[in-house]
Every structure is written in C-alpha cells, then in structure tokens.
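Not measured: the values here are computed from a predicted model.
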Amino acid sequence: MSNAVVDREVDSKKESRANEIKRLERREGWKRRLPILPALLFTIVVTQIPFLFTLFYSLTDWRIDKLEPRQFIGIDNYTSLTEESEKFFREAAWVSVQMTVMAVLFSLIVGTMLAILLDRKFFGQGFIRTLLITPFLVMPVVAGLMWKTQMLNFNFGIINWILNGLGQESVEFATRYPMGSVIVVLVWQWSPFMMLIVLAGLQGQDPSVLEAARVDGASTFGIFRQITFPQLRPFLELGTLLGAIYLIQVYDHIEVIVGGQPGANNLPFYIAQRSIGGGNRFGLASTYSIIVVIASIIIANIGLRVLSNLLEDDS
Amino acid sequence: MALFTRAPKAEPILGQNRLVAHLLSFLTWIIGLMFFFPLFWLTVNGFKEESVASADPTLRFEPTLDRFSEVTEANSGLLSFAEAFGNSFWIVLISTAFVMVLAIPAAYALSIRPMKKWRDVLFFFISTKFLPIVGIIMPVWIIARDLELLGTRTVLVVLYTAMNLPLAVWMLRSFFAEVPKELIEAAQIDGCSLIGQIRQVLLPIVAPGVAATALLCVIFAWNEFFFAVQLNPTGASTIPVWVNSQQKFQGQFIASLSAASVLATLPVVIAGWVAQKRMIRGLAMGAIK
Amino acid sequence: MAEVRYEKASRIYGFGGVGAVRAVNELDLNIADGELLVLVGPSGSGKSTALRMLAGLETVNEGSIFIDDVDVTLKPPQDRDIAMVFQNYALYPSMTVGENMGFALKQAKVPKAERRAQVEEAARILDLEPYLDRKPKNLSGGQRQRVAMGRAIVRSPQVFLMDEPLSNLDAKLRVQTRTELADLQARLGTTMVYVTHDQVEAMTMGHRVAVLDHGELQQVDTPRRLYSSPANLFVAGFIGSPAMNLIETDRTGDELHFGSTVVPLSDDVQADLKASASTRFVVGVRPEHLIQTPDGAPCGATVVEELGSDAFVHASMPHNGTEATVVVRVDGETAITRGDNLTIAIGGPVHIFDAESGVRLGKPVT
Ligand SMILES: Nc1ncnc2c1ncn2[C@@H]1O[C@H](COP(=O)(O)OP(=O)(O)O)[C@@H](O)[C@H]1O
Ligand SMILES: [Mg+2]
C-alpha cells in the first residue's frame, strides 16, 4: 500500500468522525431547543399572528356592521389620523401619554419613599409592609369602584367629608378632574409595586460598602446619593419599565371610574369603544392599535435610555 | 403578627439618631395605615345597612352580614356570584396549569441547559409583554366569533395563558438560574433521564419559586377585566364582571357593592400576603440576574 | 477498574467561529489502571474542562478519549461508568444523605435491599453511618464532602473524577482529608483523575502529576521528577514552594552568569547552549540549592522568613546590570537579619531554560 492510499484512508476516517460529531451536536442542539418550542409556538400563535391580522385590518376600510366587502385602502387610515375627523383619537393619544407618564412617575416617587421608610428595623415592620403591598393585589375593578363610590364621591366620599369638615365645598372629582382621579387610583395601586422593587434593591446592598462609607465620614445624604442611588438604578429602571408596560394599557380603571366621559379616555378605552365596544370600525381602530404598539415600543426603548442617562449625569 | 421579620441586612439609610428614628417609625405607621384605609373602609361598609353606608361616615353601627347574603343570592336572569366564582375558579386554575406546563420546560431551556441564543428567546418572550392588548383584540374577537368561542370559558383560558406565559417564563428562569448546574450534571452522571432530572432534582429545589410564580399568575388572571368584559359579555363571566355589575344606577348600593368587593378581593389578597416576599424576588431578580 | 487514554483530545469553545478558544488543546495522556493522576495548573488552564471531557459533560471537538480501550468520545455521561465529585459537592438538597448516595443505584434499578447494603457499606467506610437520614444542609462542610465521596464510591465506578473536591474545606481539614482520600483510593484501587490548582496537594497526592497551562499539557511525571527535572520554564516556576529562583541572563559567549559568579554547567547543557542561537536564558535554582560561600555573588538581605526548622532569606543581588531578587534557604537558627550582606553561590542542581521558548537545556535529570 502506498502512503497516499493510507493518507486518504485516514482522511476519510477523520471526516466520518467529524460528521458524527456534527450530527451529535445538532441533535444536542435540538434536545436543548425542544423544551421551549411549545411555549414559543403558543406565544407566536396567540400574540404575533393576531398582530399581523391587525396590521392587515389597518389597511382596509372594514366595518363589521355593514355588509359591504372590506376594501384594501392602503395607508388611507393612517393619513386620516391628522384630519379634523380624528381629533378624538389625538385626544385619547394625549391622555394616554399624560396618564402613563404621571402614573409611572408618581408611583415611582411614592414607592421609593415608602421603600426607604420601610428599610429600617421598627416595631411592626412586617405588618406595615403587608398593609402597604395590599393595594397592588386588589382587583383593579374593585379599586376603581371603591375610590369612585367611597373616597372621591360627591355625596358619600370620605375626601369630601373631610373637605367639608375643613369648611370647604364638596368637589365632584370624577367629573371635574377625570384624569386626576384615575391617576390617583393608579398611583395608589402601583406605588406598592414600585416599593417592593426598590426594597429588593435596598436590601440587596452590600452592607460593608455602606459601613466603609460611614467610617469615611460620608453624610447620610451623601451615602444615599453616591452609593445607594447608583446601586438602585437597575431596580428603578425595572420598576419604570414594568410599570410603563402595564400602565400604558390601563382600561379597567377608566371604564369603572369615568366610563366614557370626555377627558380621561385613553387609547385602549377609545379603541375598544370604536371597534368591538359598539363602534364597529375595525379598519380604523386597527390603525389606532398599530399606533399604540409602535408608540409603546418606542417609549419603552427611549424611556429606559433617557432614564439611565439622566441617572448617570446625576451621580 | 408580622408575616416576615427579616431585618434588612444593610444599615438603614435614615434614622441614625434615636429621636429621628422614632419619628420615622411613627410616620411609617401613619402612612401604612393611610394606604390601607380605603380597603378598611370598604370592608367596614360591607357590614353596614345601605342607609348607614350612604350617610355621613361613621364607625358606630350595628354590623350585619345581610349584604353578604344578599349579593351571593342567585338572582334569576342576572349573573350570580356562584356562577361567576365558578367560572373564575376554573378559568384561573386551568390557565395557570397550562402556563406552568409550558413555562417550566421553557425556563429549563433558558437556564439549566441553555439553548443557543437563549438571550434572544428570553427577550422575545418579554417583548410580547410590550404588545398592548389592543394590538390584538380585534383579530382575537373576530377569530373567537368565527370559532363560536365568544362567551365561553375556553377563550379566556387561552388568552390568560398567553397573558401570563411571558411573566412566568421570566420569573421561573430567574429561580432556575440559581440552581447550581453541577446538580443537574451530577444527576446526568448518575444516569437520570431528562424528565427525571426535572422531576427528581430540579423541581424539589425550585418548588417555592414555582409556587410563587403560579400564585402571581393566579392573581393576574383572577383580576383580569378587559378580556372578560370584551369577549365574554354574558356566557361565562368572571368575578370582576360580577363586581362591576353590582353598581346600580338607582337606589343605594354602596354597602352591597362593598360586600361584593370584599368577596371578590379576599382570596387573592390573602394569597398575595402569604407569598409576597418570594414573588417580588422572582420579579426583581429576573431582570437583574 | 480501568485505564484512561486521551488521544489528541481538544475542547474548542466557539468551534469553527472567529475567536474560537482552545480550552484544552490536543491533550495526549495515558492514565494507568489504579493510578491516581493529578491534573494541576493555574486557574483557567483547562483542568476542569479536561476532566469534564472525560466525564462526558463537555463535547470533545477533536481527538478521542478511551476508557479501557473503549472509545467513549461520543458517549453520554451515564454510559461511561464514571463517578464525579464536584467542587461544591452538588448534593441533592431535597434528599437525605442515604438517598443521595443511593441515587445512582436507584437510577440503575438496583433492588432496594442491595442498594441499602451498598450505601451502608460506603457510609461505614466514610464514618457517615449516623448521618444517613439527615439532609445535606444539616451537615458540616467536612461531612458534606464525605457524602459527595460516598456518592461516588457507592457505585464502584471504573474511574473517579474529582474537581477540586477539597477547596471548600478549611486549611487544616483539607490537609487531613487529602491523606484520607489518597489512602481510600489506594485501598479501593480505582483509577482516579484529580483536579486541583494547589501544587502542594498535587505533589502530596498524585502518583503522577500532569501540569496544564493555557490548555496545553506541559509535563506529566512523578512528583519527584517534576520537582527535580521540570521540562520547561512554566513547570519550574509552578512546582515548588517557595518557588524556584528564575533569573534571566544574557549569554556571554558560552558562559551564563548568576550575579557575579559563573553558572556551573554540565556537559549536556553546555552542548545545547553551544548549539543554541538564543541570547537570553533563564537560570533556575531552588532556594535549598543556594549556599553561602565567601567567593559567591554578593547580595543584601531584604526580608527574612523564619519558619522554625529553616528560614528563607530574600536577598537583592546585583545581576546583569540590575537588581534581581533571590530566595535562599538557610538554617532555622540563622543570625541573618534584614540589611545583612551575604555571598551566595549555586551549590546543587541548576536548570537552564531558553528565555524565549521556555524549553529546558540538557537532558532531564534522572
Ligand atoms: N462556556 C465557556 N465558553 C467559553 N470559554 C470557556 C467556557 N468555559 C470555560 N471557558 C474557558 O476555558 C478555559 C479553561 O477553563 P477551566 O477548564 O474551567 O479552567 P480551570 O478549571 O483550569 O480553572 C478558561 O480560559 C475559560 O475561560
Ligand atoms: Mg476549575
């Protein structure tokens, strides 16, 4: 046998072995992927595919109450958004922006303060914490009804009763300040959530770093600004992100508290109203939906980036 | 009384001075009680007569259970408490079971034996939470209508499963990620199959985390209103829809509404109290670890 | 019981892609039946990876691994008849000590009575009998370590694999346990591959020691020969405590200098030096092979470490135009203190390495 033949044999042996390894690795890859496939497929089927339908509807003039076949009208729905006829849409969009920003901001501030207060040893700490998180667990419908009928109500509301006691006139909160009323309830429900997240951050701090700072003579405020705050940053970002995701979609509180009065209808409410809630304008309402989706993706991205820059400059 | 009493590990930010510390504790008590007050008041009102509940606020009254029995009575033609509770119970139970069956293997593939590009996949799951529900509500309504599923429990089970799945994957992954991978490797060397590794080694360790995750799914599903009211106006309505229907447009209803609210909220609030610590850890650590 | 053979086995992270890392590169290693072979090297040198390749927990991208002449390269861990002890022990927290130890047997469907007998036998060997019903979290560190050992020996595998099994114990227990472990291995006569970053552990336990660095095998030898005849600069610096003095020097013709003295070279080293084109070399000499002699190289003591039986003097020596630090072993009851001047010379074996390639000159010492 010549050397060349031996070499070739060795080569082909090597090759079949390499193939075998590749085959095994591919199989291992699938073995690792397999457990996630059911969840992935389910999520795609239930969330992504309907979204494509929405995208398609938004390019049609579809009204489900009319028997006329739906027509493909390109981006007409989108261009119509700037017209006079769509001023309610723009109003709802503006309400959504204000409501989300304010609710997130106030809950974050209140939640952080609560967390700082709770992050100390005192009598009844666990009890008070339990009381404080309860609003987050309460069904939004119940929270809305309760605030509307028992706190903010013109006739029986505790707040007006207190105002009267102080010699003030009663205020019809839900009609005079519809958005404010909704935001109060949202902040009441979401501050506890922010508090828990910030508390997780505070308690995860490295105690030796704080002690070292104290030994170095840093003031309480200095320690908070220079050590605690930077460490809390990821937690604050997380709170903002999760809060924004949920709060931009708020529907229950609005339906229950102001129920379609002008001034506090956000996009989810308006969209439901214009489509399945009786408006039947599926094509146009789908256009609104697409705008909401795009906006929430942008807001989530920018919001997080702006926030992290802001905090960076500060510390 | 306290449900958990772990003292914070790090020194508190505030309250180095004794007097200040006492004042701060007092302040925290006041704020805590104020936050809870609306719920306290709601509960109190549930035990009043309608006329008392609609008069000037008072704590001096004869407590009665009448409102509770009134709201739980079956009213012909209207959605009854028993029906709504039954619907909610089954929908929540089955959807949470589905979520766990789908999410546990998924979280395994994202942490214990990670697939390639697992970060991208995890990000995909989270990003579906960014998709506002209104972005899919119309096609979902149309599809449900065409499949004759409007007004059934099925449609809510499917939607609640989808709604909670990303959150569950996210939380479970963070609990699983804390399990040393050597444990799974040891089981592998010991000749344990994949299913065995999950059942005999992994699940006993992460059971508390799995329970907390399931509980959070239960809470979100139990409280959900939008889908329930949009897709389910009559057929298989749930507790939130029932509570909302206790609002009357004439006559006094505050006491009965309060009683109904207490019934609707209590199960979930108690569950949340029990699992508060672990739930938040799963939520917060998911992002940071 | 079995012999183990690595044949040009490589583990390559990011195989085929850019920036692929060869964590273990073309490892050739024969481990005899019943041998206790220690894999030693600094952190990140690929010891764990090499061990995990043998366990079947890492893919072997190139080359093969044999256990008892059976090619196991492509076999999953459970088909290799091996047992592994992990650094963090990896005890199943939800199972008792007894269940932990019997878990593998249970997976292999061994009948309950037999399983129990085997677990009890292992517990007896390891003094774990009183703890069989406890959960791992209720055990001390040393007990947990023994449970991990127990889990391995219950199975009577072909090969034991140990990845830094003692590094979570405190110093005293570690020393005690390592003797017990070596003794246990000798009694059972089972082949063992033992990974550690601690060269003292490696030298005291191993029948032979394999030194790894950057995924490359540097030398495999008995502890004695590793010490007396390091194959290259890396091994010379890694093995021995305190470390060998390694002094870089320029050649002057066919002579090498150590401070002001000329290094005595054996004939074979001399021949290699003559044949070499390199200009820089490293003179290696162990602290105990430096002697004080009046015509030695002058230097000044900077630190004296008293260990009782002997002492190590750190001295600063003018060498090659700069100051070099050398460590000299002296008698325990020395009068030398900081600031004293002494004159030292090489009074024992000397090792010469090419500074560039790190390769040893001359024949290995036998
Ligand atoms: N999953 C991985 N991906 C990429 N590189 C890795 C991975 N695991 C280990 N490495 C690299 O392989 C090398 C060897 O690691 P290891 O075997 O754990 O070292 P040792 O046990 O000797 O400390 C290290 O340089 C490490 O960075
Ligand atoms: Mg290692």
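Neither the backbone nor the side chain of B/Ala207 comes within contact range of chain C; no heavy atom of the residue lies under 4.5 Å from a heavy atom of that chain. Looking at C/Leu91, the atoms closer than 4.5 Å to chain B (heavy atoms on both sides) all sit in the backbone: N, CA, C or O. Proximity to chain B (any heavy atom under 4.5 Å) is restricted, for C/Arg155, to the side chain, taken from C-beta onward. Heavy atoms of C/Phe86 lying under 4.5 Å from chain B belong exclusively to its side chain. Heavy atoms closer than 4.5 Å to chain C are found in the side chain of B/Ile205, but not in its backbone. Interface residue C/Ile82: backbone and side-chain heavy atoms are both found under 4.5 Å from chain B.
Ranked by heavy-atom pairs under 4.5 Å with chain C, the list B/Ala187, B/Gly196, B/Pro204, B/Ser193 is led by B/Ala187. For chain B, the option among C/Pro76, C/Ala90, C/Ala55 with the highest count of heavy-atom pairs below 4.5 Å is C/Ala90.
The environment of CZ in C/Arg116 is sparse: at most 12 heavy-atom neighbours from other residues, nucleotides or ligands sit within 6.0 Å.
Side-chain atoms of B/Glu182 and C/Asn88 include a donor-acceptor pair closer than 3.5 Å. For the residue pair C/Thr59/C/Asn61, the side-chain donor-acceptor check at 3.5 Å is not satisfied.
Both cation-pi conditions hold for C/Arg5 and C/Phe66: the charged atom is under 6.0 angstrom from the six-membered ring centre and inside a 45 degree cone around its axis.
A salt bridge between C/Glu180 and C/Arg146 is absent, with no side-chain N of the basic residue lying under 4.0 Å from a carboxylate O of the acidic one. Salt-bridge check for C/Glu58 with C/Arg11: passed, with a basic side-chain N closer than 4.0 Å to an acidic carboxylate O.
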